[in-house]
Amino acid sequence: MQPQGRPWARPSADVLENARERFSRLLGAEGVQAEGPLFAEFHDPFEGPDAVGHQPSLVVQPASVEEVQAVLKLATELGVHLWTSSMGRNFGYGGSAPVVDGGVVLNLRRMNRVLEIDVAQGYALIEPGVSFAQLYDALREQDAPLMMSVPDLGWGSIIGNALEHGYGYNVMGDHASAICGMEAVLADGTLLRTGQGALPGSPLWACHRRGYGPSLDSLFMQSNFGVVTKAGLWLMPRPEIFATGTITCQGENDIAPLVDMIRGLLREGVLQGVPMIVGSPDDVDGEEG
Ligand SMILES: Cc1cc2nc3c(=O)[nH]c(=O)nc-3n(C[C@H](O)[C@H](O)[C@H](O)COP(=O)(O)OP(=O)(O)OC[C@H]3O[C@@H](n4cnc5c(N)ncnc54)[C@H](O)[C@@H]3O)c2cc1C
């Protein structure tokens with residue numbers, strides 16, 4: 001069933017009340033938030049005190065793939081909009097606030113298991129609620145000779161960040177490219193595994209990206225075609241040493257030559273990580289840095 005009226009309209013109070021009751025029956029009280037401090041986390045933290053629009057009506061937090069499938073089927077039946085997040089901390093980009101006012105936030109924080117760390121093949125199989133900090137701890141706990149890439153903030157979801165084309169700085173810093181094999185739930189509740197994962201029990205799911213026919217992984221990145229419930233993540237061997245470097249430009253005129261220089265070093269393989277050019281509001285010798 002499609003939402004009534006304008007496709008982007010806030011659902012009516014009756015529809016939302018019914019949705020709250022039905023989602024609560026499905027997930028229990030623990031899986032549905034409609035008020036309180038946890039619910040408040042799913043607003044845009046930078047929206048300001050008088051914000052209108054983009055307000056969630058409910059937050060639903062399934063704890064298993066089967067519950068995600070059931071949530072999607074129920075949302076379709078009720079005609080409510082879902083807005084998916086993994087950790088829901090995409091701060092600076094709207095946080096977990098839904099595009100459609102009154103949308104139901106489908107948040108996957110409760111699905112937070114590191115399902116597998118394969119040291120020999122160099123990958124981890126993770127759920128969407130696994131944060132960068134959590135995987136780091138899991139790798140250190142078993143003293144795995146593996147290194148992961150992290151963005152500036154460690155509390156984000158690895159899967160959420162990769163699906164949004166996030167970046168870190170080391171060799172695996174293009175996070176979308178470090179994903180190999182996904183499991184996604186489609187709008188009608190169908191479960192789909194990409195690549196070699198289409199073969200039941202395939203040991204190559206998180207190792208070999210190509211399957212038979214077209215590769216589907218990118219369909220689920222920066223899109224709303226499915227809810228990703230698992231992904232393989234490639235990790236690099238932990239190096240004996242690594243070095244980072246910083247170059248400070250004194251003025252705007254230095255930036256174009258810097259880009260040319262970095263391009264050359266990248267193409268020659270001298271720079272192996274992801275270089276980042278950032279501006280600073282600090283006044284450097286009277287110029288904007
Ligand atoms: C100070 C600061 C520094 C930052 N530094 C960096 C940085 O260095 N690198 C960087 O990449 N980002 C950076 N960010 C941006 C952002 O905070 C991170 O990318 C963060 O990891 C995203 O939050 P999240 O993982 O909780 O994403 P989520 O909010 O969980 O997800 C983001 C979006 O991805 C989609 N999505 C998430 N999960 C799923 C799923 N399971 N299925 C389908 N779609 C899904 C949804 O559209 C969702 O809105 C920074 C932000 C700030 C404020």
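Numbering of ligands and ligand atoms starts at 1, following listing order.
Nearest non-hydrogen protein atom to atom 19 (O) of ligand 1 is Asn161 ND2, 2.7 Å. Atom 38 (N) of ligand 1 has its closest protein heavy atom at Ser86 OG, 2.7 Å. The protein heavy atom nearest to atom 26 (O) of ligand 1 is Arg89 N, 2.7 Å. Here the heavy atom of the protein found nearest to atom 46 (C) of ligand 1 is Thr84 O, 3.2 Å. Nearest protein neighbour of atom 31 (O) of ligand 1, counting heavy atoms only, is Gly160 CA, 4.0 Å. Here the protein heavy atom with the shortest distance to atom 53 (C) of ligand 1 is Phe91 O, 3.6 Å. In terms of protein heavy atoms, atom 16 (C) of ligand 1 is closest to Asn90 OD1, 3.5 Å. The protein non-hydrogen atom at the shortest distance from atom 44 (N) of ligand 1 is Leu163 CD1, 3.6 Å.
For a threshold of 3.5 Å applied to N or O pairs, the pair formed by Trp155 and ligand 1 contains no separation below that value. Close N/O approach between Ser223 and ligand 1 is not found [any backbone or side-chain N/O within under 3.5 Å]. Any N or O atom pair closer than 3.5 Å counts here, and Ser157 shares at least one such pair with ligand 1. By the 3.5 Å distance cut-off applied to N or O atoms, Phe220 is not counted among the residues near ligand 1. Ligand 1 has an N or O atom lying under 3.5 Å from an N or O atom of Gly88, backbone or side chain. The shortest N or O to N or O distance between Ser85 and ligand 1 is not below 3.5 Å.
The environment of NE2 in His208 is crowded: more than 12 heavy-atom neighbours from other residues, nucleotides or ligands sit within 6.0 Å. Crowding of Phe242 atom CZ: a count of heavy atoms from other residues, nucleotides or ligands under 6.0 Å not exceeding 12. Summarising the local packing, CZ of Arg113 is surrounded by 12 or fewer heavy atoms from other residues, nucleotides or ligands at distances under 6.0 Å. Atom CD of Glu141 has 12 or fewer heavy atoms from other residues, nucleotides or ligands within 6.0 Å.
Counting Ile, Leu, Val, Met, Phe, Trp and Tyr side chains that sit under 4.5 Å apart, directly or through other members, Tyr93 stands alone, with no cluster partners.
Contact annotation for atom 13 (C) of ligand 1: protein absent (non-hydrogen atoms, distance under 4.0 Å).
Using the six-membered ring where Trp is involved, Phe91 and Phe46 have ring planes that are perpendicular, over 60° apart on the 30 and 60° scheme.
Across every non-hydrogen atom of Ala162 and His175, the tightest pair is CB-O, 3.7 Å. Contact detail for Ser86 and Asn107: the closest heavy-atom pair is O-ND2, 3.0 Å.
Heavy-atom distances between Ser96 and ligand 1 stay at or above 4.0 Å for every pair. Within the structure, ligand 1 has Gly226 among the residues with a heavy atom less than 4.0 angstrom away. Distances shorter than 4.0 angstrom do not occur between any heavy atom of Gly92 and any atom of ligand 1. The closest approach between Tyr169 and ligand 1 falls below 4.0 Å for a heavy atom of the residue.
Look at Lys73 and Glu77 and you find no salt bridge, because none of the NZ, NE, NH1 or NH2 atoms lies under 4.0 Å from a carboxylate O. One finds a salt bridge joining Asp260 and Arg263 here, because a Lys/Arg side-chain nitrogen approaches an Asp/Glu carboxylate oxygen to under 4.0 Å.
Here is the list of ligand 1 atoms found below 4.0 Å of a heavy atom in Gly156: 21 (O), 25 (O). Close approach to Val227 involves these atoms of ligand 1, each under 4.0 Å from a residue heavy atom: 42 (N). Within ligand 1, counting atoms from 1 as listed, the ones closer than 4.0 Å to a heavy atom of Gly166 are 11 (O).
Residues forming a side chain to side chain donor-acceptor pair (under 3.5 Å) with Glu164 (at least two apart in sequence, or on another chain): none.
With a 4.0 Å cut-off on non-hydrogen atoms, Glu164 touches ligand 1 through its side chain and not its backbone. Contacts between Val228 and ligand 1 below 4.0 angstrom, taking non-hydrogen atoms only, involve backbone and side chain alike.
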Exercise. Verify side-chain contact (heavy atoms from CB on, under 4.5 Å) between Val65 and Leu191, making sure each step is shown before the conclusion.
Key: CA-CA 9 Å; Val65 177; Leu191 195 66; 3.5 Å; yes

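Using modelled atom types, one finds no donor on one side chain facing an acceptor on the other under 3.5 Å when comparing Ser12 with Asp14.
Residues Val270 and Val274 are members of separate hydrophobic clusters, defined by side-chain heavy-atom contacts under 4.5 angstrom among Ile, Leu, Val, Met, Phe, Trp and Tyr.
Aromatic pair Tyr123/Trp205: centroids not less than 6.0 angstrom apart.
Residue nearest to atom 50 (C) of ligand 1, selected from Thr229, Leu153, Leu108: Leu153 (by heavy-atom distance).
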